[in-house]
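On a predicted model such as this, the values are computed, not experimentally measured, just so you know. Within every chain, numbering begins at 1; the chains are lettered A, B, ... in the order of the sequence lines, protein sequences first and strands thereafter.
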Amino acid sequence: MQASRARLFKEYKEVQREKTADPDIQLVCDDTNIFKWTALIKGPSETPYEGGVFQLAFAVPEQYPLQPPQVRFLTKIFHPNVHFKTGEICLDILKNAWSPAWTLQSVCRAIIALMAHPEPDSPLNCDSGNLLRSGDLRGYQSMARMYTRLAAMPKKG
Amino acid sequence: MDSEDDMHDANDVDSLDDFYSGDTGMASDDGDGDYEFIDNDTDDSDDSTSHRQQQNYTILNEEDIRQRQEEDITKISTVLSIPRVSASILLRHYNWSVSKVHDAWFADEEKVRKAVGLLERPIVQIPNIKELTCGICFEAYPRDRMYAAACGHPFCGTCWTGYVSTAINDGPGCLMLRCPDPSCGAAVGQDMINILSCEEDKQKYSRYLLRSYIEDNRKTKWCPAPGCDFAVDFVVGSASYDVSCNCTHSFCWNCTEEAHRPVDCSTVAKWILKNSAESENMNWILANSKPCPKCKRPIEKNQGCMHITCTPPCKFEFCWLCLGAWSDHGERTGGFYACNRYETAKQEGAYDETEKRREMAKNSLERYTHYYERWATNQSSRQKAVTDLQQMQNVHIEKLSDKQCQPESQLKFITEAWLQIIECRRVLKWTYAYGYYLPEHEHAKRQFFEYLQGRAESGLERLHQCAEKELQVYLNAEGPSKDFNDFRTKLAGLTRGRCLVLHL
């Protein structure tokens, strides 16, 4: 408990110090609970998520960093490895390939990388996965772009 | 312990896959040639008690296992000139096959090192400064409180301990532990574990290492009996799968079900599945009693042998299996012991379709019942014989020794007879599973099988009768009986003669 708190505090200070280090990621700690974090990440360029801003919710376990944080999308996203309803993410480093040397910041970077390089062979969103697997890149991109516009962009007017 | 060669050869049989998938045993088309009942009435062979085949397996206790593991590690460590910990990691990676490690290592050492995570030199040099930052908690510590695997990535003692402990408590995967740095694949071996872990975790790790030596190795298995800690080292490619553990449990090495020679594993699997699926039906079909064929009073069988005598005044003697008169059985009447036969009811005349189907269903259930009943009866007879043997060894032998003024060493023939009964009951039991799956249309094969089975059954019946009932006379005698030596000769003869030698 103490170790995880200390480690999260280090990460918190690091985030404060290098606020502008990575313009694509904005990590925010909950005001009252250091085990709850949110992040805003920018959709990577040259993907259907470009121009969108996606919100992630982190629930950090007491055994952190020996156990991985639980992360999910709060913003709706059409992506093969993200559950369309719950926002759950299928990413190996959040499960069995976790290493305590990862940080919340590096998890965000990994999720951005996942948005740019979906893994249609282990889909949480089968519709999305099937589009990619059947080679319908256009179909996948237009669906993803539509949801990016609907959910991850500021409403016009 | 076996010789070293022995250990290695069996370790590396590459044809194992064929071996497992192969259709073994009697169900194959030329099954007849595969087995043989030797029902030796004339007793002319004096080696018939040596029916135990040459032992093709070794039972290992924990001490033996550790010793073998250490020897293998020493071998690899010496030949490859690498530390023992590295040798252990390598062996685990190659499922504890010494020769596979040799082959892979000498083919491409660099590739092996990379795959397993054995580095020759550190990836990062620890900078020559007073304090280092731990890669997990991000605190700065003096150099002497930092630890690193061969790669050199430094982490503090507390974080290492947590990392290692998490891995160990996650299961046997801790044997393949790597450096916490995500980009680094350096292996973390038992030396690190011993420095960094608490006593409990060290014990767990060492337990996993020991288990891995048995479980990941294709020629060793744990004895499947509950609570048994012995392992079995099996000479792969041996003729017989039967293994008898030091805990007295005997099982088939291939499928780890109880020993079932002469029936092959797939038949046993089918049979067990069938029994579990239909056992509920069977329960009421095979209620624990049968009516006496003469007086119709219900009789519960609570002794091992098939020769039943109804209580007075009826006193009818009959065979428990076929409910026929006992006088029709045995060679004395010129007949034969035929209750292992099952004649499928002949269907005559033209039935309409539903009638036919109903008849078929009834037949198939009856047919199954026939074999299941005999299988189950032999099973419970065997169970009974096991208890009887214990009783014999614990109580009766001593009593008999007193009564008949015979030293106990002279009464060994009785124990041997009972061991023989137990083994024969086991074999006989499985012949019924075999019989059930023997194709109906192969008449010659079926007849030959039933003939052998019948001979085996009647022989065993005589032996069981002699060991169980005739012995009672001498047990209850007032003083030494003068014909006790005759009894010895008879029982020993039956024991030898009755042994079923089944060559698979």
* Asked: Which is it for B:R207 and B:E62 under the salt bridge (charged side-chain N to carboxylate O under 4.0 Å, His left out) test, yes or no, and what are the steps along the way?
  -> CA-CA 10 Å; B:R207 191 83 220 149; B:E62 195 173 320; 3.4 Å; yes
* Answer with yes or no after comparing the ring centroid distance for B:W160 and B:Y147 against a 6.0 Å cut-off, counting only values under it. => no
* Using non-hydrogen atoms and a 4.5 Å limit, figure out which bit of B:C179 sits close to chain A: side chain, backbone, both or neither. => neither
* Asked: Just checking, any donor-acceptor pair under 3.5 angstrom between side chains of A:T32 and A:D30?
  -> yes
Relative to chain B, which segment of [X] carries a heavy atom at a distance below 4.5 Å: side chain, backbone, both, or neither?
| X | answer |
| --- | --- |
| A:P65 | side chain |
| A:Q63 | neither |
| A:S106 | neither |

* Asked: Does A:F84 have A:K76 sitting over its ring (NZ/CZ under 6.0 Å from centre, angle to axis within 45°)?
  -> yes
* Asked: Do the ring planes of A:W98 and A:Y64 sit parallel (below 30°), tilted (30 to 60°) or perpendicular (above 60°)?
  -> tilted
* To do: Count the heavy-atom pairs under 4.5 Å between each of B:A167, B:C137, B:G162 and chain A, then report the option with the highest count.
  => B:G162
